[in-house]
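This report concerns only the one structure given below.
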Amino acid sequence: MSEFKLAKRLETLPPYLFSAIDKAKEEVRARGVDIISLGIGDPDLPTPNFIVKAMSEAIKRPANHQYPSYIGMLSYRKAVSDWYKRRFGADLDPNTEVLGLIGSKEGIAHFPLAFVNPGDVALIATPNYPVYGVSTEFVGGIPKYLPLTDENDFLPDLDAIDNDTWKSARLIYVNYPNNPTAATAPRWFYEKLIEKAKEFDVIIVHDAAYTEIYYDEANKPLSIMEIPGGKDVAIEFHSLSKTFNMTGWRIGMAVGNASLVKGLAKVKEQMDSGIFQAVQEASAVALNDGDLFCKGLRAIYKERRDVVIDALHKAGISCRVPDASFYIWSKVPQGFTSQEFVTRLLKQTGVVTTPGNGFGTPGEGYFRISLTVDTDRLKEAVLRISQL
Ligand SMILES: *Cc1c(COP(=O)(O)O)cnc(C)c1O
């Protein structure tokens, strides 16, 4: 059988940083150790019943068995627009400023096809969700990474970017609440970002997948769509995945500047045929009726967060108390690299975490904990960590 060589765009991908961890995990598992995985950003809890019920009704309707519209049903786009209005006070026209996606990852990955020419520069705040850089490189764009550091509250230092870099940039990727650092961005940051984007004619791509996982009612994460001028220069990607425990359903949305939404729709028209309509109908129910569910979900994550933070601090491991997301971004103890610490933790305690450098160079010296297991397991995990 012939062994076919991959296209260059795949061969030049950075090496898979988690392969060493995967190997260690197999070894530990083979020893019969009870592994607790705090490594994956995938909610452990099921999709709530009211959404599953809406789905089981929607799936019975034959009209839903045909090709959906590639931009999304109007009823779904309207539910997105209504939700943005209720949650953020943002005005979005469901006809021109909202697009349905097969998960936000799909939209993020396809976006550069619409707006990046070979040689165009994309500024990417890092450590980051890897899709921004990879999808930029797939179309021949050039990622330029902006470091997120503790001293800058994990916000890119926009004033430190020189004018030539701003002028060369086609787009800038930001993600708040942030994966992996769990940081949120204040209003002034978005205002400044919008000002810069307007001055240098740069597209803002905001990934807002975690806005509903927050811990303080008085300090809710923002959408760039609620900041004056945001809709002029930005596209925002959002998703039902984390908000309603729906990662397996594959549904999300892009909202914002009409020409950006339209450009992405043009790519999708050529590449996919939309989201299963039954999923869209159930998702409209989720967005319209899900506020109470989200409140309960936040209470669960808050309990988990507090258990872990308390234990880490008692163990002398330094980390910030996150305001949002279901991650804890923690410093590795002195004398270890991220990879060394995470591997040691796994081998000696069976607890899986993610090395910070896997999300980009400035993540070195950190590890990420996901709060996606129940409180009892988390207590067991942190007990083991503290005995390391
Ligand atoms: C989970 C996640 C998403 C959501 O992905 P979907 O494709 O909507 O499931 C987007 N961005 C980041 C940073 C994430 O962690």
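Residue numbers run from 1 in the order of the sequence given. Counting starts at 1 for both ligands and their atoms, in listed order.
- At least one heavy atom of Tyr210 sits closer than 4.0 Å to an atom of ligand 1.
- Checked for salt-bridge contact, Lys167 and Asp201 miss the test: no charged N lies under 4.0 Å from a carboxylate O.
- Interface atoms of ligand 1 facing Gly103, defined by a heavy-atom separation under 4.0 Å, are 7 (O), 8 (O).
- At least one heavy atom of Asn175 sits less than 4.0 Å from an atom of ligand 1.
- Of the polar atoms of Ser239, at least one N or O is found under 3.5 Å from an N or O of ligand 1, judged by distance alone.
- Nearest residue to atom 3 (C) of ligand 1 from Lys242, Met253, Met246 is Lys242 (criterion: closest heavy atom).
- Residue-to-ligand polar distances place Arg250 within reach of ligand 1: an N/O pair is separated by less than 3.5 Å.
- Looking at Thr243, its side chain never comes within 3.5 Å of a backbone N or O of Glu212 through a donor-acceptor pair.
- An N or O contact shorter than 3.5 Å links Lys105 to ligand 1 by distance.
- Nearest protein neighbour of atom 13 (C) of ligand 1, counting heavy atoms only, is Asp207 OD2, 3.3 Å.
- Ion pair Asp82/Arg86 not flagged as a salt bridge, since none of the NZ, NE, NH1 or NH2 atoms sits closer than 4.0 Å to an Asp/Glu carboxylate oxygen.
- Within the model, atoms OG of Ser239 and CZ of Arg250 stand 7.0 Å from one another, a figure rounded to the nearest 0.5 Å.
- Checking only distances, Asn179 does come within under 3.5 Å of ligand 1, N or O to N or O.
- Using modelled atom types, one side-chain atom of Thr47 and one backbone atom of Asn245 make a donor-acceptor pair closer than 3.5 Å.
- When hydrogens are left out, the protein atom nearest atom 9 (O) of ligand 1 is Ser241 OG, 2.6 Å; that is the closest non-hydrogen contact.
- For an aromatic pair to be called close, the ring centres must be under 6.0 Å apart, and Phe359 with Tyr366 fails this.
- The shortest N/O to N/O separation between Tyr132 and ligand 1 does not fall below 3.5 Å.
- His206 and Tyr190 have their aromatic ring centers within a separation under 6.0 angstrom.
- Looking only at heavy atoms of the protein, atom 4 (C) of ligand 1 is closest to Ser104 OG, 3.2 Å.
- A heavy-atom distance below 4.5 Å is not found between the side chains of Ile124 and Leu146.
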